[in-house]
Amino acid sequence: MTVNKPRGTRDFLPADTARRRYVESIMRDVARNWGYSEIITPTFEHLDLFTLKSGEGIVGELYNFTDKGGREMTLRPELTAPVMRLYVNELQSFPKPLKLFYFENCFRYERPQKGRFREFWQFGVELIGSGKPDSDAEVIALADSMLKAVGVKGDLKIGNLAVIRTLLSGLEPEIVSTVMRLVDKKEYAGLEGLLEEIGAEEQLKSDLFHLIKLEGRYILPDVKEIVGNLPELVSFEKTLKLLDAYGVDYTLDFGIARGLDYYTGMVFEVYAEGLGAQKQVCGGGSYQLIKLFGGGDVPSTGFGIGFDRIMEICPLTPPAPKTLVMISKPSVHLEAINFANELRKYVPVHIDLMERNFKAQLSYANTINADYVVIVGEKELEAGKLTLRDMVSGEQELLTLEEIIEKIC
RNA sequence: GCCGGGGUAGGGUAGAGGUUAUCCUGUGGCCCUGUGGAGGCUACGAUCCGAGUUCAAUUCUCGGUCCCGGCCCCA
C-alpha cells in the first residue's frame, strides 16, 4: 500500500526547494537590511490564542486537537497572533520600535484551490510600538521593496478605515461589519439593497457610494469633503507624503475593509495578476491587538505576504552552483575520496556510490549535467596530478589539485 | 459546506464491454574494466478505491477518495 501526502500539502522536489530557498533568502535579506529581526514561534499554540483574536467561528478552519494532557491546541493558522503573544510574554520592555519578521508555515483546514493550500508559508513583518505616520510608511515601503526584490509586480492599494468607520458611526455594529464586507467585495447592488432595508439616510447613502467609488492617487481632497478633515486623515496624509519620498507607487482605496475589526487606521493590500481567484499576495495595516492578549495599549503595524503565491509568479531562478563528479578506478577509489574531501571545501562534489565502472561513472556525470569531471587514476597519481574534464567543451587537462581549485572556483 | 472538470507505469500519453493494455520518456544493468551524450539488448514499472449492471468492467452506473478550478471564507 502507498500512503499519499495529506490533502492540501505539497512535496517540494529538489528544484522547487532550491528556488523557494533562493527567493526566501532574498526576502530575508531585504527585511534584515531594513533593520528587522527574525523570530520563530511555535508551530502549535493554545486554541484560545486564535479564538481570542478571531472569534469561535474560526475553529472550523483550524487544525485543532486535544493533546494528551487534555489541552485544546491548534496548528497556527497565521502568525500575527503568535507574534503578539510573544511580545506580551517576552518583549514588552524592549526598546521601541520593535521591528520583527517571520517566515513560517501555517495551517488552515480549507478547501484547496489555486494559490491556496492547507499548509502554506507566510512571510510577515510586525512593527510594534509606534503609531506614527513614519512607521506606517516604512512598513508599506518595506512590503513594496520586498515584492520588487523578488520581481513581483502588483497593484498596491492603500486605505484608511477611519474614514468609513466615521461615516458609518451611526449604525449598529453588526450592520457596520456587513456593510464593510459588501464594500470590501465591491458588491454595490447588495450594498444598495442593505442600506435600503435598514432605512439609511439619503445623505449617508450618497456619501458612502461617493467615497467607495473614488479611485486614484489624489482623491484625498474629495474624501475630506465627504467626512471632514479627520485627525486620522491628517496623519494619513503625512504617511502618503512619506511614501512619495520612498518612491512607492500606489492608489488610494477607501473601500478596503481587511475583514477584521482590529485594524484601526491605515490598511493596504497588494494584488498580482496570474493567480486566479486568490490573487492577493500581501495585506497589512495598523492595528491594536496587544491589549487583547494582556499587554498594554501599544500601536502596531504589519503585513503578511503569501509566499506560495509569490512563488507562483516570481520570475527568479537560483544561480546554479558548478557541480563536479569525481571519477576513479576501483584501485584508486580511496585516494579519490581524499581528493573529493578537499574539493568539497569549494564546490559540490559527487563521487560514485554504486561501484560503477569507469564508463558508467562518466555517463552518470553526463546525465546529472555535471559541469566538470575530475578523473583519478593510476596515470594521474604517478604524475601527482588529476585530470580535469570540462563536460561542456569536452576538453581535459592534467592539473594539480590547487590548479583545479583555482580554475573552477 | 457547496458547484464544475478530471484520475491508465516516476513523468507524458494511446486504446477499448473480451483473453497478453499501447507508445514515448525515465531509471537500473549489459554490449563497453581509462573517456559521456548516439545506438542496440534487457530489467523495472500503470488502469484511484468500493459496490452495482454483465458470461465478462480499466471502459457503463452509483458512491467514496484524491487532483485541478470556482463559490463560501480569507485571520
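Atom set for the values below is all heavy atoms of this structure, side chains included, hydrogens, waters and symmetry mates excluded. Everything numeric in this text was worked out from a predicted model, so none of it was measured. In the text below, chain A, chain B and the rest are named by the order of the sequence lines, each starting its count at 1.
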Check your understanding: According to a strict under-4.0 Å criterion, is A/Gln113 in side-chain N/O contact with OP1 or OP2 of B/G70?
Key -> yes
Revision key, fill the gap. By nearest-heavy-atom nucleotide on RNA chain B, the more 5' of A/Glu110 and A/Gly394 is A/Gly394
Review point. Which is true for A/Ile327 with a 4.0 Å heavy-atom rule: it touches a base, it touches only sugar-phosphate, or it touches nothing?
Key: nothing
Study note, to complete from the structure: Per atom distances to the A/Glu78 side chain, the nearest of B/G28, B/A75, B/C67 is B/A75
Check your understanding: Is the phosphate of B/A75, meaning OP1 or OP2, less than 4.0 Å from a side-chain N or O of A/Lys53?
Key -> no
Exercise for review: Give a yes/no on whether any side-chain N or O of A/Arg111 is located under 4.0 angstrom from OP1 or OP2 of B/C74.
Suggested key: no
**Study point:** Under-3.5 Å donor-acceptor pair between A/Gln361 side chain and B/U35 base
**Key:** no
Review point. Given the side-chain rings of A/Trp121 and A/Phe12, with only the six-membered ring counted for Trp, is the space between their centroids under 6.0 Å?
Key: yes
**Study point:** Matching residue for A/Tyr372 among A/Arg389, A/Lys322, A/Met391 - test: side chain to side chain contact (heavy atoms under 4.5 Å, CB included)
**Key:** A/Lys322
Check your understanding: Hey, is the side chain of A/Gln280 poking within less than 4.0 Å of OP1 or OP2 on B/C74, counting only N and O atoms?
Key -> no
Point to revise | Residue A/Arg108, side-chain atoms from C-beta onward, closest of B/G34, B/C72, B/A75 | key: B/A75
**Study point:** Under 3.5 Å on both distances, the Watson-Crick or G-U partner of B/G4
**Key:** B/C68
Check your understanding: In whole angstroms, how far is the C1' atom of B/C74 from the OH atom of A/Tyr271?
Key -> 10 Å
Practice item. Using Watson-Crick or G-U wobble geometry with both distances below 3.5 Å, tell me the partner of B/G10, or none. Key: B/U25
Check your understanding: For B/G18, which nucleotide in any strand shown is its Watson-Crick or wobble partner with both distances under 3.5 Å?
Key -> B/C55
Practice item. Please name the pair of heavy atoms, one in A/Leu242 and one in A/Ala137, separated by the smallest distance, quoted to 0.1 Å. Key: CB-CB, 3.6 Å
